Amino acid sequence: MRQVIIIGSGPAGYTAAIYAARANLSPLVVASSVEAGGELMNTTEVENFPGFPEGIMGPELMAKMQEQAEKFGAEVLYDDVVELDVDGPVKTVKLGSGDSHSADAVVFATGSAPRKIGIEGEQRLSGRGVSYCATCDGFFFREKVIAVVGGGDSAMEEATFLTKFASKVYIIHRRDELRASKIMQERAFKNDKIEFVWNSAVVDVLGDDAVTGVVLENTVDGTRSELALDGVFVAIGNDPRTHLVHDKLDLTADGTVWVEGRSSRTSVAGVFAAGDVVDPTYRQAVTAAGSGTVAALDVEHYLASLGEAGAPDPEGDQIADAAAVVA
């Protein structure tokens, strides 16, 4: 029986683990068997995380977070949660390996997953020219002509990174202006290998065994055209990973896990949520880390409030709240 289990190993999960471990809660972090470290594992240089003025590679940042959590006593398990039981005072997670672990509290920090266009050719050619990770697959497109679909920071970062390999990179965007931050736009505009295709949506991906091009539909006049390509990188956003808690936790209209105010408390006592899975707006590594801090502190107060019977003690809640004010 654990005090707390943390599901997820991105900035939110590992920050929660650091704080929980320093509070002597001996957290178990279920980090995933194939996606440990979260989305930053697929990111190149991170320039806006405080404390790294020269920047730091995403995988290196996550390795440092994990090392810090383990230093204070967190246990990291490379497995996948396939079922979550949050009914009653004891929470149970069932893993893909068949093992189960129980705890008084759970922090749900599963992050988000890349959003897909939702067309047949995309699914059929996924892994055969259609990719969602430039750092994972860019190497395979040396001297090739490729396209990045999207208009945000992620799309600009992917396109700029891919110019290290590709001979030409198109950026396909539905509108005539970008959502990306000014600095990311400027880098893309200045890159001679990048060409923008405005007011266009990808409606089909062409190719039998590999990508040979895309069909574009003009979002202004509806006309269609084909663009010859060797690869397509989709960077149109992310969706929160909430499949484990559907019908278990309340969700918001955005599909994120509902939490009470600025806390991490979900609709079920003893279950807390943090990171991109609760944040449809900012979705930054630093905000996720802050959210993980909140979750760990909320868990600490919750555990302090538990009576001997394992139920929340209102008097204990008052003591924990008073301690938080003093701190």
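Bear in mind the structure is a predicted one, so any value in this text is a computation, not a measurement.
Using a 4.0 Å cut-off between a side-chain N of Lys or Arg and a carboxylate O of Asp or Glu, R241 and E39 qualify as a salt bridge. Taking 4.0 Å as the cut-off between side-chain N and carboxylate O, R124 and E120 count as a salt-bridged pair.
Looking only at atom types and distance, the side chain of D254 has no donor-acceptor partner in the side chain of T256 under 3.5 Å away.
In this structure, I6 and A16 approach most closely via the heavy-atom pair CD1-C, 3.8 Å. Across A21 and A74, no two heavy atoms sit closer than the pair CB-N, 3.9 Å. Residue S97 comes nearest to D79 through the heavy atom pair OG-OD2, 2.7 Å, listed as atom of the first residue, atom of the second, then distance. Residues V169 and A159 come closest through the heavy atom pair CG1-CB, 4.0 Å. For the pair L40 and A285, the tightest heavy-atom approach, listed with the atom from each and the gap, is CD1-CB, 3.8 Å. Taking both residues in full, the closest heavy atoms of V202 and I117 are given as O-CG2, 3.8 Å, listed atom of the first, atom of the second, then distance.
Summarising the local packing, CZ of R22 is surrounded by 12 or fewer heavy atoms from other residues, nucleotides or ligands at distances under 6.0 Å. The number of heavy atoms from other shown groups lying within 6.0 Å of CD (E60) is above 12. Heavy atoms from other residues, nucleotides or ligands lying under 6.0 Å from OH of Y282 number 12 at most. By the 6.0 Å contact criterion, CG on D99 is enclosed, its count of non-hydrogen atoms from other residues, nucleotides or ligands being greater than 12. The environment of R283 atom CZ is dense: over 12 non-hydrogen atoms of other residues, nucleotides or ligands sit within 6.0 angstrom.
Side-chain atoms of T266 never come within 3.5 Å of backbone atoms of L249 as a donor-acceptor pair (strictly under, hydrogens ignored). No donor-acceptor pair under 3.5 Å is formed between the side chain of T15 and the backbone N or O of A12. Between the side chain of S291 and the main chain of A274, no donor-acceptor pair closer than 3.5 Å is present.
No single ILVMFWY cluster, assembled from side-chain heavy atoms under 4.5 Å apart, contains both M184 and I236. Hydrophobic clustering keeps V107 apart from L28 (ILVMFWY residues linked when any side-chain heavy atoms are closer than 4.5 Å, directly or through intermediates). In this structure, V286 is not a member of the same hydrophobic cluster as V277, with clusters built from ILVMFWY side-chain heavy atoms closer than 4.5 Å. Hydrophobic clustering of Ile, Leu, Val, Met, Phe, Trp and Tyr side chains at less than 4.5 Å, counting indirect connections, unites V4 with L306. Note on M57: it does not cluster hydrophobically with L162, by side-chain heavy-atom contacts below 4.5 Å among ILVMFWY residues.
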Q: Just do the side-chain hydrogen bond (donor to acceptor under 3.5 Å, both in side chains) check on S305 and H301 with the steps written out, would you?
A: CA-CA 6 Å; S305 75; H301 294 162; over 6 Å; no
Q: Using the side chain to side chain contact (heavy atoms under 4.5 Å, CB included) rule, take L206 and E226 through it: C-alpha gap first, then chi angles, then the decisive distance, then the call.
A: CA-CA 9 Å; L206 304 174; E226 293 186 7; 3.7 Å; yes
Q: Mind running side chain to side chain contact (heavy atoms under 4.5 Å, CB included) on T223 and E217 for me, showing each step along the way?
A: CA-CA 6 Å; T223 58; E217 182 175 278; over 6 Å; no
**Q.** Check against side chain to side chain contact (heavy atoms under 4.5 Å, CB included), R265 and V259
**A.** CA-CA 5 Å; R265 295 187 292 271; V259 291; 6.0 Å; no
Q: Dump the intermediate steps for side chain to side chain contact (heavy atoms under 4.5 Å, CB included) on V203 and I119, then the final yes or no.
A: CA-CA 7 Å; V203 294; I119 53 180; 5.5 Å; no
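Under the side-chain contact (heavy atoms from CB on, under 4.5 Å) test applied with V81, the options I5, T110, V106, I7 reduce to a single match, I7. Residue F272 forms a ring-ring contact (aromatic ring centres under 6.0 Å, His included) with just one option from F108, W258, Y302, and that option is Y302. For the side-chain contact (heavy atoms from CB on, under 4.5 Å) test with V257, the passing option among T252, V278, V271 is V278; the others fail.
Between F72 and Y19, the gap from one ring centroid to the other reaches at least 6.0 Å.
Expressed to the nearest 0.5 Å, how far OG of S263 lies from CG of D298 amounts to 5.5 Å.
Every residue meeting the salt bridge (Lys or Arg N to Asp or Glu O under 4.0 Å) condition with E75, not counting sequence neighbours, appears here in chain and number order: R2.
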Between side-chain atoms of residues 131-155 and protein atoms elsewhere (two or more places apart, or another chain), which donor-acceptor pairs fall under 3.5 Å?
{"from": "S131", "atom 1": "OG", "to": "C133", "atom 2": "N", "distance (Å)": "3.1"}
{"from": "S131", "atom 1": "OG", "to": "C133", "atom 2": "O", "distance (Å)": "3.3"}
{"from": "S131", "atom 1": "OG", "to": "D137", "atom 2": "OD2", "distance (Å)": "2.5"}
{"from": "Y132", "atom 1": "OH", "to": "E122", "atom 2": "OE2", "distance (Å)": "2.7"}
{"from": "T135", "atom 1": "OG1", "to": "N42", "atom 2": "O", "distance (Å)": "2.8"}
{"from": "D153", "atom 1": "OD1", "to": "S181", "atom 2": "N", "distance (Å)": "2.6"}
{"from": "D153", "atom 1": "OD1", "to": "S181", "atom 2": "OG", "distance (Å)": "3.0"}
{"from": "D153", "atom 1": "OD2", "to": "S181", "atom 2": "OG", "distance (Å)": "3.4"}

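Within the structure, side chain to side chain donor-acceptor pair (under 3.5 Å) pairs that include any residue of residues 193-216 comprise K168-E195 (at least two apart or interchain).
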